[in-house]
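To keep things clear, I will list the structure first and then write my remarks on it.
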Amino acid sequence: MFDLLLKGARLADDTVTDIAIQDGKIAALGNFENAEAAKVVSLNGEHYVSAGWIDLHVHCYPQSPIYHDEPDSVGIKTGVTTVIDAGSTGADDVDTFYELTRKCATDVYALLNISRVGLIAQNELANMANIDADAFAAAVKRHPDFIVGLKARMSSSVVGDNGITPLEKAKQFQKANGDLALMVHIGNNPPNLDEIADLLTAGDIITHCYNGKPNRILTPAGELRASVSAALKRGVKLDVGHGSASLSFAVAKQAIGMGILPNTISSDIYCRNRIDGPVYSLARVMAKFLALGMTLPQVIDCVTSHAAAAVRLNNKGKLAVGYDADLTLFTLKHQPLELVDAEKDVLHADRELVPLAAIRAGKGYMTEQGSALHAFDL
């Protein structure tokens with residue numbers, strides 16, 4: 001007797017399977033004609049199911065004075081089962097953030113800002129006194145299962161006159177605290193992207209990878225910077241981090257055309273760009289990359305297995321026996337769609353990802369869109 005049985009789930013590669021869930025874990029996959037379950041949901045091969053979507057870059061600390069939102073508003077309500085807050089909090093306020101997340105349906109983790117004060121102002125790394133190794137280490141020790149990495153925002157408005165020094169400190173923190181995942185925000189220089197890329201090592205993440213600013217991954221001639229090429233060969237990963245100012249269709253189209261695909265697709269979402277755009281939701285960002293030429297399996301991998309691996313969530317990201325029963329149920333709606341990037345450029349598309357429901361640790365939640373469509377009853 002299973003807790004939940006999804007019959008006829010269509011996967012991203014268009015194969016169809018049944019998925020059985022027991023005690024918050026994926027118990028079995030296959031064709032179960034006679035299996036018994038407390039609840040059976042018949043999808044009839046009409047609706048897609050993937051491992052639960054993971055948004056690697058959000059801002060959902062409700063008390064942040066700059067970039068804030070509610071975890072469930074950017075998470076479970078939009079079909080996203082897991083979110084990683086990317087540096088909203090530092091060592092001084094991560095305890096409060098942790099306590100708030102315990103009440104959420106969405107699974108929430110944090111990339112701890114290397115500034116102990118977090119994102120209370122745009123220039124959190126302009127004062128080197130905020131970059132406190134002891135405070136950082138103590139926070140990681142207090143919350144080893146919540147803090148999955150560290151975040152360094154390396155653009156001129158953030159670092160002030162400190163140049164590359166905060167990133168050098170971040171690499172020291174990383175090594176001293178169990179080789180945590182490191183996400184690095186790139187934007188306007190200084191520091192120059194070449195300086196940043198040269199410091200990064202295997203597994204480190206460059207977010208805002210397709211931004212249209214002068215300090216971007218492409219040279220003025222449209223070639224991949226040599227420093228970024230070398231970093232990718234070392235195992236550095238590219239993350240989208242759309243946000244309000246960090247996705248250029250022109251840059252993404254050119255890079256993807258050269259085979260420079262993102263490892264992870266993330267939203268950099270918070271209340272303002274969720275409500276007013278251009279982000280709206282992780283699903284909308286995923287639709288943009290479908291329109292830019294990526295396949296559905298490639299896009300799904302970017303928000304499931306790749307995202308889980310990036311921050312070492314070893315029980316998430318795959319539809320496999322023993323993994324967390326975190327799943328996203330969605331449909332691919334064929335209709336004309338205008339998509340807008342951070343430069344206000346428009347991309348005309350014909351497919352939209354519509355999240356219908358999310359299952360988190362075996363418990364089902366309908367999205368607003370799913371409830372409106374009356375697709376099924378979880």
*asked:* Is it the case that atom NZ in K363 sees more than 12 heavy atoms from other parts of the structure closer than 6.0 Å?
replied: no
query = Is a side-chain N or O of D350 found less than 3.5 angstrom from the main chain of H334, in a donor-acceptor match?
reply = no
Between D69 and the options R272, R274, K77, the salt bridge (charged side-chain N to carboxylate O under 4.0 Å, His left out) test singles out R274
Only residue of R234, K151, K171, K237 satisfying salt bridge (charged side-chain N to carboxylate O under 4.0 Å, His left out) with D204 is K171
Listing, residues 23-35 side-chain donor-acceptor contacts under 3.5 Å, not counting sequence neighbours, or none:
residue	atom	partner	partner atom	Å
K25	NZ	D324	OD1	2.5

For A291 and A349 the tightest heavy-atom approach is CB-CB, 3.8 Å
Look at the side-chain heavy atoms of Ile, Leu, Val, Met, Phe, Trp and Tyr, link any pair under 4.5 Å apart, and say whether M286 and V340 land in one connected group. no
Geometric class of the H59/Y67 ring pair [parallel <30°, tilted 30-60°, perpendicular >60°]
tilted
| Is the backbone of V80 close enough, under 3.5 Å, to the side chain of D55 for a donor and an acceptor to pair up by distance? | no
Report task. Look only at the side chain of R116 and the backbone of I131, and say whether a donor-acceptor pair between them is shorter than 3.5 Å. Result -> no
Open item on the list: Under 4.0 Å between a side-chain nitrogen and a carboxylate oxygen: does that hold for R142 and D95?
Closed with: yes
Judged by modelled atom types alone, do D268 and H57 share a side-chain donor-acceptor pair under 3.5 Å? yes
Sidechain-backbone polar pair: R284 side chain, Y280 backbone, donor-acceptor under 3.5 Å
no
When every non-hydrogen atom of A361 is compared with those of D326, the smallest separation belongs to N-OD1, 2.8 Å
Heavy-atom nearest pair, Q22 first then D3, reads OE1-N, 3.0 Å
(message) Side chains of R351 and Q335: any donor to acceptor distance under 3.5 Å?
(response) no
Next on the checklist: Under a plain distance cut-off of 3.5 Å, with no hydrogens placed, do N162 and T165 share a side-chain donor-acceptor pair?
Outcome noted: no
Got a list of side-chain donor-acceptor pairs under 3.5 Å for residues 175-191, not counting sequence neighbours?
residue	atom	partner	partner atom	Å
N177	ND2	F173	O	2.7
H185	ND1	H208	NE2	3.1
H185	NE2	S155	OG	3.1

With T106 as partner, the option from T82, D72, T81, T101 fulfilling side-chain hydrogen bond (donor to acceptor under 3.5 Å, both in side chains) is D72
> Can you find a side-chain donor-acceptor pair between D239 and S266 that sits under 3.5 Å?
Replying inline: yes
- Query: Hey, are R10 and E46 close enough for a salt bridge, meaning a charged N less than 4.0 Å from a carboxylate O?
  - Reply: no
Answer yes if the side chains of N273 and S244 hold a donor-acceptor pair under 3.5 Å, and no otherwise.
yes
Nearest heavy-atom contact between C60 and V74 is CB-CG2, 4.0 Å
Could you label the plane-to-plane angle of the Y48 and F330 rings as parallel, tilted or perpendicular, counting under 30° as parallel and over 60° as perpendicular? parallel
Polar contact flag, side-chain donor to acceptor under 3.5 angstrom, E124-N113: yes
Worksheet item: Side chains of R225 and N192: do they bring a donor and an acceptor to under 3.5 Å?
Response: yes
- Query: Any chain of hydrophobic side-chain contacts (each under 4.5 Å) joining L232 to Y210?
  - Reply: yes
Considering residues, nucleotides and ligands other than K213, do more than 12 of their heavy atoms fall under 6.0 Å from its NZ?
yes
Do S227 and D194 have side-chain N/O donor and acceptor atoms under 3.5 Å apart? yes
>> Please check this pair: side chain of D341 against backbone of K344, looking for a donor-acceptor N/O pair closer than 3.5 Å.
In response: yes
Do the side chains of I84 and I269 join up, straight or via other hydrophobic residues, at under 4.5 Å, putting them in one cluster? no
Point to revise | Over 12 foreign heavy atoms within 6.0 Å of NZ, K169 | key: no
- Count the heavy atoms belonging to other residues, nucleotides or ligands that lie under 6.0 Å from CD of E368, then report whether that count exceeds 12. no
* To do: Could you state whether W53 and V108 fall into the same hydrophobic cluster, counting links through intermediate Ile, Leu, Val, Met, Phe, Trp or Tyr residues with side-chain heavy atoms under 4.5 angstrom apart?
  => yes
Closest heavy-atom pair, G52 versus T328, reported as atoms and distance to 0.1 Å, is CA-OG1, 3.4 Å
Same cluster or not: L373 versus L353, using hydrophobic residues (I, L, V, M, F, W, Y) connected whenever any side-chain heavy atoms lie under 4.5 Å apart? no
Tightest non-hydrogen contact, residues I205 and L56, listed as CD1-CD2, 4.2 Å
When you measure from the side chain of T367 to the backbone of L356, do you find a donor-acceptor pair of N or O atoms at a distance under 3.5 Å?
yes
